[in-house]
Amino acid sequence: MKALSIPVNGRPTVVDLGDDGGSRFLRSLRAIIGAECVECVAVTDRWDAWLDEESGVRRRPLNEAATRLAHDYGARVRLRGTVVIVGADRGANVSVGLSPDQIDTLRCRATDAPRC
């Protein structure tokens with residue numbers, strides 16, 4: 001399952017979370033985010049943001065790129081620490097991989113690239 005990791009400092013990168021949707025998926029998220037407990041924030045009807053569940057308590061820095069991206073799509077959230085963006089299938093209530101087009105669009109918007 002392809003996803004987009006947006007670190008606080010640095011460029012967004014494509015990551016593979018595994019296709020099982022279960023334990024490998026969660027292990028991958030925890031490793032990328034650097035947290036034992038992760039939470040999912042629904043940002044749009046087509047994608048979600050995963051982040052450290054205790055990011056406020058741990059005083060993780062504001063992820064300006066991920067927060068701006070969420071605001072661009074109408075979600076009024078403040079995302080902290082490394083954020084992983086995944087696709088969402090609301091009907092089945094599961095996370096799904098992002099398409100190459102979605103990855104390109106999200107990465108472009110998260111970096112404010114001039115070609116967007």
Side-chain angles (χ1 to χ4, degrees):
M1 170 184 317
K2 298 295 182 195
L4 188 67
S5 173
I6 305 174
V8 171
N9 297 311
R11 304 208 29 95
T13 58
V14 177
V15 294
D16 187 355
L17 300 177
D19 293 326
D20 70 349
S23 60
R24 181 172 173 218
F25 173 79
L26 287 174
R27 275 194 313 272
S28 297
L29 281 172
R30 289 181 190 124
I32 293 164
I33 294 168
E36 193 59 35
C37 297
V38 293
E39 71 176 317
C40 179
V41 175
V43 178
T44 74
D45 62 344
R46 295 179 39 196
W47 59 273
D48 294 328
W50 285 83
L51 62 151
D52 182 349
E53 184 176 273
E54 298 176 339
S55 59
V57 173
R58 292 176 187 244
R59 296 201 163 126
R60 301 268 188 185
L62 179 67
N63 187 319
E64 292 180 20
T67 297
R68 184 180 59 250
L69 181 65
H71 289 187
D72 285 351
Y73 286 93
R76 296 294 170 228
V77 295
R78 293 174 54 94
L79 303 172
R80 297 184 168 278
T82 298
V83 174
V84 177
I85 306 297
V86 299
D89 179 343
R90 299 287 182 237
N93 198 29
V94 295
S95 294
V96 296
L98 295 170
S99 72
D101 286 342
Q102 287 174 314
I103 289 170
D104 288 345
T105 298
L106 293 169
R107 183 176 10 210
C108 185
R109 292 190 79 156
T111 57
D112 276 341
R115 64 180 165 80
C116 298

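Just the heavy atoms: all of them, side chains too, but no hydrogens, waters or symmetry mates, feed the values below.
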### Query
R107 side chain to T13 main-chain N or O, any donor-acceptor pair under 3.5 Å?
no

### Query
Would a distance-only check, ignoring hydrogens and angles, find a side-chain to backbone donor-acceptor pair under 3.5 Å from N63 to T82?
no

### Query
Would you say R30 has more than 12 foreign heavy atoms packed within less than 6.0 Å of its CZ?
yes

### Summary
Shortest non-hydrogen pair, T111 vs R11, comes out as CG2-NH1, 3.9 Å

### Distance, nearest 0.5 Å, that separates CG of L29 from CG of D52
11.5 Å

### Query
Considering all heavy atoms of both residues, which atom of A65 and which atom of I6 are nearest to each other, and what is their separation?
CB-CG2, 4.0 Å

#### Entry: Closest non-hydrogen atom pair between R90 and T44, with its separation
NH2-O, 2.5 Å

### Query
Quick one: are I32 and L17 in side-chain contact, heavy atoms under 4.5 Å?
yes

### Message
To the closest 0.5 Å, what do you measure between CZ (R78) and CG (L62)?
### Response
5.0 Å

#### Entry: Partner set under side-chain contact (heavy atoms from CB on, under 4.5 Å) for D89, not counting sequence neighbours
A92, V94, V96

### Message
Using every non-hydrogen atom in the two residues, find where L69 and A110 come nearest and quote the distance to one decimal.
### Response
CD1-N, 4.2 Å

### Message
So, taking the atom named CG in L98 and the one named CG in D104, what distance separates them when rounded to the nearest 0.5 Å?
### Response
10.5 Å

### Message
Please tell me whether L4 and V8 are part of a single hydrophobic cluster in this structure, the criterion being side-chain heavy atoms less than 4.5 Å apart.
### Response
no

### Task
To the nearest 0.5 angstrom, please state how far the OG atom of S28 sits from the CD1 atom of I33.
10.5 Å

### Task
Determine the minimum heavy-atom distance between L79 and A70, stating which atoms define it.
CD1-CB, 4.2 Å

#### Entry: Steps toward side chain to side chain contact (heavy atoms under 4.5 Å, CB included) verdict (Q102, W47)
CA-CA 9 Å; Q102 287 174 314; W47 59 273; 5.6 Å; no

#### Entry: Sidechain-backbone polar pair: S5 side chain, V84 backbone, donor-acceptor under 3.5 Å
no

### Task
Working to the nearest 0.5 Å, report the span between CD of E36 and CD of E54.
10.0 Å

### Task
Verify the cluster assignment for I85 and V14: are they in a single hydrophobic cluster under the rule of side-chain heavy atoms below 4.5 Å apart?
yes

### Rounded distance (nearest 0.5 Å) linking atom CZ of R80 with atom CD of E64
10.0 Å

### Message
Is it the case that atom CZ in R68 sees more than 12 heavy atoms from other parts of the structure closer than 6.0 Å?
### Response
yes

### Message
I want to check something: taking the side chain as every heavy atom from C-beta on, are K2 and V15 in contact at a cut-off of under 4.5 Å?
### Response
no

